[in-house]
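First the structure, in the form of structure tokens, and then the observations on it.
What's counted below: heavy atoms across the whole structure, side chains too, no hydrogens, waters or symmetry copies. We name chains A, B, ... by the order of the sequence lines, and we start the count at 1 in each one.
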There are 2 protein chains.
Amino acid sequence: MTAHAQEPDELAYNVFAKACPSRCTLENVTGRWGGLTLGALSEGSLRFNELRRRVDGVSEKMLSQTLHALERDGLVHREAQPTNPPRVDYELTPLGREVAGRLLSLIECVEGAMDEVLASRERYDEARGAR
Amino acid sequence: MTAHAQEPDELAYNVFAKACPSRCTLENVTGRWGGLTLGALSEGSLRFNELRRRVDGVSEKMLSQTLHALERDGLVHREAQPTNPPRVDYELTPLGREVAGRLLSLIECVEGAMDEVLASRERYDEARGAR
DNA sequence: CTGTATCCGGAATGATACTG
DNA sequence: CAGTATCATTCCGGATACAG
């Protein structure tokens with residue numbers, strides 16, 4: 001086996017490389033709030049405070065920050081209506097839907113495997129935590 | 001299977017809920033190093049330092065920590081051979097392969113969309129950074 | 001309602017040294 | 001080679017106040 005068989009892809013943007021911008025985008029998507037935000041929006045357009053309630057535990061600051069990052073990357077579209085009081089709707093772009101779909105697939109997989117995960121944890125903790 | 005499987009309220013382990021253990025596992029999987037580690041291992045079994053080189057930028061400490069978390073959750077199997085010098089191989093469990101597959105789908109999606117993402121960023125920065 | 005600005009404590013991370 | 005231990009630092013994230 002050759003020593004340079006590590007390539008799963010010959011893409012220009014390789015997340016495994018430290019300085020690659022795709023790593024940054026991946027972190028926006030999979031980060032603590034990014035993933036949950038995309039997941040929430042995959043159900044449909046939501047307003048700021050609706051999102052805040054939907055994503056349990058997120059603060060105004062972090063939600064705002066997350067939304068900006070996702071909007072900047074072209075995954076979320078921000079629709080502001082100049083009414084009073086202001087009304088702002090957030091929705092996924094086509095690209096956002098694509099990404100969110102794959103993310104949800106992952107989330108469902110993890111949720112569905114939790115029984116197994118929890119069992120594994122118990123085994124692990126029993127074997128190591130005993131000391 | 002219902003067409004709206006992402007409806008979290010139907011599941012016992014709901015990532016959208018703050019205190020749910022699935023959120024914790026999801027963070028191990030999608031966290032800064034967890035995702036890249038799973039991605040690297042999806043190509044096959046790797047040793048500690050091979051992983052370290054593959055996942056560009058990870059420190060010994062973080063890789064060790066990440067591997068422990070993934071092993072605890074039952075996603076990675078650690079195979080230690082009592083030789084000298086020591087040799088330890090890490091590989092995905094069946095569950096790990098399932099999760100890693102979905103994760104790679106997401107990663108490939110993001111990598112493939114980077115041109116679009118970068119273009120969106122330029123537009124965003126031009127419109128906002130100009131101020 | 002929809003955010004932004006600021007402060008601050010603690011967790012996450014990295015560098016380094018060290019052990020088996 | 002395969003880690004662990006320790007320490008310094010960074011930076012994430014929550015609370016709060018405030019603005020449009």
Problem - Most 5' of B/G57 and A/R87 on DNA chain C, judged by nearest nucleotide - result: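 In this pair, the answer is A/R87.
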Handout entry: Pairwise 5' ranking along DNA chain C for A/Q65 and A/P85, keeping only the more 5' one
Key = A/P85
Distance, rounded to the nearest Å, where [X] contributes [atom1] and [N] contributes [atom2]:
X     : N      : atom1 : atom2 : answer
B/W33 : C/dT13 : CH2   : C1'   : 9 Å
A/R52 : C/dT4  : CZ    : C1'   : 14 Å
B/D89 : D/dA2  : CG    : P     : 8 Å
B/R78 : D/dG3  : CZ    : P     : 4 Å
A/L63 : C/dC1  : CG    : P     : 14 Å
B/L67 : D/dG3  : CG    : C1'   : 11 Å

Closest listed nucleotide, where the reference is the side chain of [X] and the choices are [options]:
X     : options              : answer
A/K61 : D/dG3, D/dA15, C/dG3 : D/dA15
B/H68 : D/dT4, C/dT2, D/dC1  : D/dT4
B/R47 : C/dG14, D/dA2, C/dT2 : D/dA2
A/S64 : D/dG14, C/dG3, D/dA2 : C/dG3

Problem - Under 3.5 Å: donor-acceptor pair, side chain of A/R102, backbone of B/S105 - result: yes
Problem - Within 45° cone of A/Y90 ring axis and under 6.0 Å: A/R47 NZ or CZ - result: no
Handout entry: Option among B/V55, B/L36, B/N49, B/L51 that satisfies the side chain to side chain contact (heavy atoms under 4.5 Å, CB included) test with B/L63
Key =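 Per the side chain to side chain contact (heavy atoms under 4.5 Å, CB included) rule, the option paired with B/L63 is B/L51, out of B/V55, B/L36, B/N49, B/L51.
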Fill in the blank from the handout: Taking every heavy atom of A/P21 against every heavy atom of B/L118, the minimum-distance pair comes out as CB-CD1, 4.2 Å
Handout entry: Contact check, side chains of B/S22 and B/N14, non-hydrogen atoms, under 4.5 Å
Key = no
Exercise for the section: Taking only Lys NZ, Arg NE, NH1 and NH2, and the carboxylate oxygens of Asp or Glu, determine whether A/E50 and A/R54 approach each other closer than 4.0 Å. Expected result: no
Handout entry: Basic-acidic side-chain contact under 4.0 Å: B/E79, B/R87
Key =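 No, this pair does not count.
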Does [X] have a side-chain nitrogen or oxygen under 4.0 Å from the phosphate oxygens OP1 or OP2 of [N]?
X     : N      : result
B/N84 : D/dC1  : no
A/Y90 : C/dG3  : yes
B/R32 : C/dG14 : yes

Hey, what are the protein-to-nucleotides 18-20 of chain D N/O distances that come in under 3.5 Å?
none

